[in-house]
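All chains are named by letter (A, B, ...) in the order of the sequence lines, taking the proteins before the strands, and each is independently numbered beginning at 1.
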Amino acid sequence: MKTAVLLLCMVLFSTQAFAGGSAEEIDEPVELRFLFPVQVAGPQAERMQEIVNDFNAEHEQIEVEAIYSGNYDQTVQRAITSARGGNPPAVAVATSISLLEFLDMGLIEDLDQFMVGDDAGYADEFYQGFMENSYYDGRTWSIPFQRSLPLLYWNKEHFEAAGLDPETPPRTWDDVIEFSDALRDAPSEYSFTDITEDTWTIQALILQAGGEYSNDEGTEAYFDTPEVNSAFTFWDTLANDMGVMPRQRFYGDAAQDFVTGTTSMMINSSGSFSSVADGAAFEFGVGTLPGDVEDAYPTGGGNLYMFQGLSERERDAAWEFIKYIASPEISAKWTVETGYIPAHPATYETAAMQEHIESYPHFADIADDLENARKEMAFYSNSEIRETLRATIALVLTGQVGIEEGLADLQAEVDSILEPYQN
Amino acid sequence: MNARSWRYKIRVVLYLFPTFFFLFMFTYYPAIRSFVDSFFLERGMQTSFVGLDNYIRMFNNDVFWRVVRNNAFYTAMFVPLSMCIALGLAMLLNRKIAGSTVYRTAFFYPMIVPYAAASMIWLYLLIPHYGVINRVFVSIGLPNIEWVQDPNYAMWSIIMVGVWKQSGYFMMIFLAGLQQIPNSLMENAELEGAGPFLKFRKITLPLLSSTSFFVAIIAILQSFQSVDQVYLMTRGGPGNATNLMVYHIYQHAFSFWNFNYASTLTVFLVAALLAVTVFFFLVVERHVYYASEGT
């Protein structure tokens, strides 16, 4: 019995001691935890650590701990579980479309509270195409950081082999079909590869067909429409009627197909650019997507979020940190090292970026084309809806269900997922 | 006497405490909590009691039934395939052949490789067009197969990795069982003129029944718990063709943030496993021979 009491006392005292130890003292630097993902492991994490080290060296009163936390999904998981467990990170990089899930659980800070005084109008300086996913309910909830866009990559040698002009990529859906037909003569298995195992590039097709995926609030879906039908038909034609496109590809597989010459054209993220440039032993072109009724595509990539549950001093320090890593200078450095698309126009004016554009001119074309960038698909329960859409794409492309029936089922299922949010 | 028994009891409690603490924290508490959570629904920041709504939603959900069918198919293929291969290997290696230790190690080796590494290696071998397996296929005139991308083959790819991974382990258990069978029985049978098939059917199989029973239960439980290769190789796709129970639970808990629905699925899984285990111990075990009974 004595032992039990003793143990109990020890436990109580030790927690007391811990609680005492973490009490803030004004002289101590503010400690912030910063979660960031790396989609392609390795050097990116080291670069990020360097950026954070520089920040810490310049700010005596702030000590940021950079925590590499896996890919986007894992980072979001970690941020959500630790925030719900009462130990939120100060700042995290998460996909721009995680917004409604964070909001739904009441986890993040409204950033408008900081955009006063000197920082008034801070968010207006970014490309608005990249800001669209940050706004909800008239407030600003995130700052764009490492953004990406879907791009068209084409193998110039295969174009020549098929009698096409290697400097003229397809500009419309009809071009894609025509070129794909011609590229049957190229030494490749497939003419065209698209990312059918994710739900990002189908959004480009839906937008290009003149459709939309949701209302502004993300509480209603519009999948059972002629525009979505024509997006699915485009893929179905290429994959099944013509047999020139693989049915199931994710970003990495598609990039592998492209660098090994298994496919002649591909749509992939701007984020795959450096791995393609490193791997391809042939001349290739990169450019914006072909369009249909409209020239449009969704943005992608990661934004900076601030989490609730911080002290006032921590909040101010976190805002300082967000402004630092979203600044044009750091953004240019990050773009040069990773291939992400800068979200701030001033980034293009920096010397580092100007030099980079000389080697990789597609960055300049992208900057000119950003007015076509649209909001990425973002629903309440977005992950579940994306998974449902992903399953429908697979069922249609593998011929297990027809397009009309597949879209009707999809609409019904998504409606039932969204039902609790529709009031 | 009284004081001693007091102290004795305290000592027992203290010895048991660490084990009980961890069992309670990581097994009993989560199990109880899952059961309780399955009757609630969290939306945004509000949690409300919804009775059996989650269960009704589950039983009306097409994806759920797809997952149940997938898992049943996986079990029905994985268990007999891995057991037959394991028994075959064990019988081959039970004979006195040169280098049998090398073979045993080689066949056991996949068990040591973590599932994550094994899945990545297989994924690499199975890549369409330039993966090793497809190159071999194409070079001998077979078609290129999109192993994990085609719904007709994706589940087989998952089963193949599971069987490859576990057969060696089951083989070791069978080997131990085979070595318990007295040689004199076999010699007697041979004197009576029994052929290899008769010996296998009349001696090996019955005397191995307790081992087989054990392996079967382990294999069935493993088949319900398989998640690693699904997560790494197919993410349940294409179109839920390879979505298994534990992956489905993981999706709802940590990807869709439907903790309550995930708890409901967990309760279903636990109930299903319990039913299988009870069935095995009450029905199948009657036909099992334990060596101690015979003597």
Side-chain angles (χ1 to χ4, degrees), chain A residues 1-4 7 73-74 76-78 80-81 84 100-107 188-190 196-198 246-250 252-253 256-257 260-263 380-388 390-401 406 409 412-413 416-417 419-421, chain B residues 6-7 9-11 13-14 17 21 41-46 48 50 53 57 60-63 66 123-124 126-131 134 138 144 146-154 231 233-243 247-248 250-259 261-262:
Chain A
M1 199 64 206
K2 262 186 204 161
T3 331
L7 271 174
D73 286 345
Q74 291 160 337
V76 169
Q77 274 170 24
R78 181 157 176 181
I80 291 181
T81 37
R84 287 167 64 112
L100 292 184
E101 277 166 316
F102 286 153
L103 276 182
D104 191 28
M105 295 183 223
L107 299 180
S188 55
E189 305 290 337
Y190 303 111
T196 48
E197 271 196 74
D198 194 21
R247 293 158 165 176
Q248 293 283 307
R249 285 297 181 272
F250 203 58
D253 317 334
Q256 275 297 315
D257 276 358
T260 52
T262 307
T263 192
Y380 279 98
S381 289
N382 205 46
S383 317
E384 192 172 359
I385 291 172
R386 277 173 59 202
E387 195 56 40
T388 313
R390 199 168 77 91
T392 305
I393 294 171
L395 291 174
V396 166
L397 290 184
T398 54
Q400 296 176 73
V401 69
D409 290 351
E413 206 164 325
S416 79
I417 295 169
E419 196 203 292
Y421 302 101
Chain B
W6 245 112
R7 278 170 55 192
K9 278 180 186 160
I10 287 178
R11 233 167 61 204
V13 168
L14 280 178
F17 179 76
F21 177 78
L41 187 61
E42 185 187 355
R43 276 294 172 201
M45 282 159 282
Q46 288 167 346
S48 47
V50 293
D53 276 9
R57 178 180 162 201
N60 283 325
N61 187 300
D62 292 344
V63 177
R66 178 94 199 243
L123 203 51
Y124 199 64
L126 293 171
I127 294 175
H129 298 293
Y130 38 85
N134 273 313
V138 171
N144 169 68
E146 306 248 329
W147 288 98
V148 297
Q149 290 88 359
D150 186 324
N152 296 317
Y153 296 101
Y231 179 86
M233 292 176 69
T234 63
R235 299 197 300 149
N240 287 317
T242 57
N243 204 341
Y247 184 71
H248 192 52
Y250 166 83
Q251 279 185 315
H252 274 283
F254 296 106
S255 184
F256 309 159
W257 304 103
N258 297 331
F259 275 112
Y261 187 68

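- Of the two parts of B:Y130, only the side chain, counted from C-beta on, holds a non-hydrogen atom closer than 4.5 Å to a non-hydrogen atom of chain A.
- In this structure, chain A has a heavy atom under 4.5 Å from the side chain of B:V63, while its backbone stays farther away.
- Rounding to the nearest 0.5 Å places OG1 of A:T388 at 8.5 Å from CG of B:N240.
- Neither the backbone nor the side chain of A:F102 comes within contact range of chain B, judged by heavy atoms closer than 4.5 Å.
- Between B:M233 and B:T242 there is no side-chain heavy-atom pair separated by less than 4.5 Å.
- Proximity to chain B involves both the backbone and the side chain of A:D253, based on heavy atoms less than 4.5 angstrom apart.
- Proximity to chain B (any heavy atom under 4.5 Å) is shown, for A:R386, by neither the backbone nor the side chain.
- The OH atom of B:Y261 sits 8.5 Å away from atom CD of A:E384, with the distance rounded to the nearest 0.5 Å.
- Proximity to chain B (any heavy atom under 4.5 Å) is shown, for A:N382, by neither the backbone nor the side chain.
- A donor-acceptor pair is defined here as one N or O able to donate and one able to accept, closer than 3.5 Å; no such pair exists between the side chain of B:N258 and the backbone of B:H252.
- Within 6.0 Å of OH in B:Y250 there are more than 12 heavy atoms belonging to other residues, nucleotides or ligands.
- The candidate from B:Q149, B:R57, B:E146 with the greatest count of non-hydrogen atom pairs under 4.5 Å with chain A is B:Q149.
- Heavy atoms of B:N152 lying under 4.5 Å from chain A are absent altogether.
- Heavy atoms of A:F250 lying under 4.5 Å from chain B belong exclusively to its side chain.
- With sequence neighbours excluded, the residues satisfying side-chain contact (heavy atoms from CB on, under 4.5 Å) with A:Q400 are A:L395, A:T398, B:R66, B:P151.
- Taken to the nearest 0.5 Å, the CD atom of A:Q248 stands 5.0 Å off from the OG1 atom of A:T196.
- Residue contact with chain B, scored on non-hydrogen atoms closer than 4.5 Å, involves the side chain of A:E101 exclusively.
- With a 4.5 angstrom heavy-atom cutoff, A:E189 touches chain B only via side-chain atoms.
- Contacts of A:E387 classified as salt bridge (charged side-chain N to carboxylate O under 4.0 Å, His left out), with partners at least two apart in sequence or in another chain: A:R390.
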